[in-house]
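Just so you know, ligand 1 is whichever comes first in the structure, and atom 1 is the first atom listed for that ligand. Computed over heavy atoms, backbone and side chain alike; hydrogens, waters and symmetry mates excluded.
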Amino acid sequence: MSSIVCLETLDAMMTYRDQLLPGQNVALVPTMGSLHQGHLALVEEAKRLAPEVIVSIFVNPLQFGPHEDFEKYPRDLARDLRLLESYRPLSVFAPSVSEMYPQGPSRTVITLPSMTNVMCGLGRPGHFDGVATVVCKLFNVVRPSVALFGKKDAQQLAIIRQLTRDLNFPVEIVGVPTVREPSGLALSSRNQYLTPVEKDRAAFLYQALLAGQKRFEGGERNAEKLVEEVADVLREHSIEPEYVSLVDANTLVPLEEELGTSRAILALAARIGKARLIDNVVLEP
Ligand code: AMP
């Protein structure tokens with residue numbers, strides 16, 4: 001049994017939050033559980049930034065499409081709590097679906113159309129509305145001063161930064177670098193769906209992005225050519241991507257001509273076996 005404080009209701013979470021000292025820094029690390037080293041990198045950074053760290057574990061039905069893996073998504077709270085043990089003191093907020101959505105799916109939905117109708121938003125309609133909505137709920141319940149998100153989910157991070165500004169949440173958003181396997185494959189709870197052979201293939205996603213990044217560093221500024229470079233490497237390995245996109249890092253507006261002076265994100269999604277995987281690299285001008 002774990003000795004970590006695990007809060008399972010909104011009331012318990014809010015009461016716990018009320019008892020903290022006024023002005024105390026509180027860091028929130030939102031997750032869907034099935035924790036791996038990528039999540040733990042967020043927790044480590046959170047511990048550096050705040051004396052009070054709250055990890056939320058909630059598989060949010062609102063961000064899954066009707067034919068997606070909500071039912072199958074790996075869940076093992078006891079294992080997650082064991083993994084978090086060495087980071088004590090730390091609290092976990094792990095509400096049930098009925099606790100978070102007592103009236104069924106939330107009728108209020110937070111949406112940022114220009115940022116959700118690109119990249120993953122095209123293949124996963126409604127996904128980022130679900131993410132944005134649950135993150136707003138978590139911000140209101142946990143009232144963190146800082147919240148940490150992985151740069152692996154670059155679109156999610158940009159959307160959360162934007163909604164935090166738009167809705168005036170008094171929260172600092174911190175992005176944490178992607179943790180990878182030695183092969184370069186970004187850690188993901190969904191890697192569990194891969195066979196060993198598929199896992200080897202999945203490593204080419206990052207290799208393809210690195211090829212694009214290398215071309216950029218070699219001076220290429222034409223967006224189409226950079227995207228093609230990535231797509232070529234994927235094709236060489238018979239990987240058909242759902243998309244390869246080059247977008248402005250802050251606004252997610254697709255870049256279609258010569259790259260300017262703002263940071264860009266070169267991102268892709270592809271299905272390998274039963275897993276839909278995403279990854280990205282940043283192109284710094
Ligand atoms: P998830 O449980 O997949 O919703 O992820 C929870 C948080 O962990 C999100 O902010 C993700 O971006 C982050 N995350 C997931 N995988 C990684 C990784 N490999 N490296 C860094 N952060 C990650």
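The main-chain N or O of Y73 is found under 3.5 Å from a side-chain atom of R75 such that the two form a donor-acceptor pair. No donor-acceptor distance shorter than 3.5 angstrom exists from the side chain of H127 to the backbone of G121, with no hydrogens or angles considered.
V26 is listed as a side-chain neighbour of R17, based on a closest heavy-atom distance under 4.5 Å.
Of the N or O atoms in L187, one or more lie within a sub-3.5 Å distance of an N or O in ligand 1. For a threshold of 3.5 Å applied to N or O pairs, the pair formed by D153 and ligand 1 contains at least one separation below that value. At a 3.5 angstrom cut-off on N or O pairs, G150 counts as close to ligand 1. The shortest N or O to N or O distance between M32 and ligand 1 is under 3.5 Å. Not one N or O of T178 is nearer than 3.5 Å to an N or O of ligand 1, by distance alone.
The closest approach between S34 and ligand 1 stays at or above 4.0 Å for every heavy atom of the residue. Within the structure, ligand 1 has Q156 among the residues with a heavy atom less than 4.0 angstrom away. At least one heavy atom of H36 sits less than 4.0 Å from an atom of ligand 1.
For the pairing with E68, the salt bridge (charged side-chain N to carboxylate O under 4.0 Å, His left out) check across R190, R276, R124 returns one residue only, R124.
When the options S189, S188, P177 are ranked by their closest heavy atom to atom 21 (C) of ligand 1, first place goes to P177.
With hydrogens left out, the protein atom closest to atom 5 (O) of ligand 1 is H39 NE2, 3.4 Å, a heavy atom. Residue, atom and distance of the protein heavy atom nearest to atom 20 (N) of ligand 1 are V179 N, 2.9 Å.
Numbered from 1 in the order shown, with element, the atoms of ligand 1 that lie under 4.0 Å from a heavy atom of P30 read 6 (C), 7 (C). The ligand atoms of ligand 1 that sit less than 4.0 angstrom from a heavy atom of F149 are 10 (O).
Under the side chain to side chain donor-acceptor pair (under 3.5 Å) criterion, the residue pairs touching residues 145-161 are N25-S145, with sequence neighbours excluded.
Looking at L42 against ligand 1, only its side chain comes within 4.0 Å, counting heavy atoms.
Using a 4.0 Å cut-off between charged side-chain N and carboxylate O, K47 and E44 make no salt bridge.
Heavy-atom neighbours of E240 CD from other residues, nucleotides or ligands within 6.0 Å: at or below the threshold of 12.
Grouping the Ile, Leu, Val, Met, Phe, Trp and Tyr side chains by contacts below 4.5 angstrom, directly or via other members, places V146 with V92.
Taking the salt bridge (charged side-chain N to carboxylate O under 4.0 Å, His left out) definition, one finds that D248 meets it with nothing, sequence neighbours left out.
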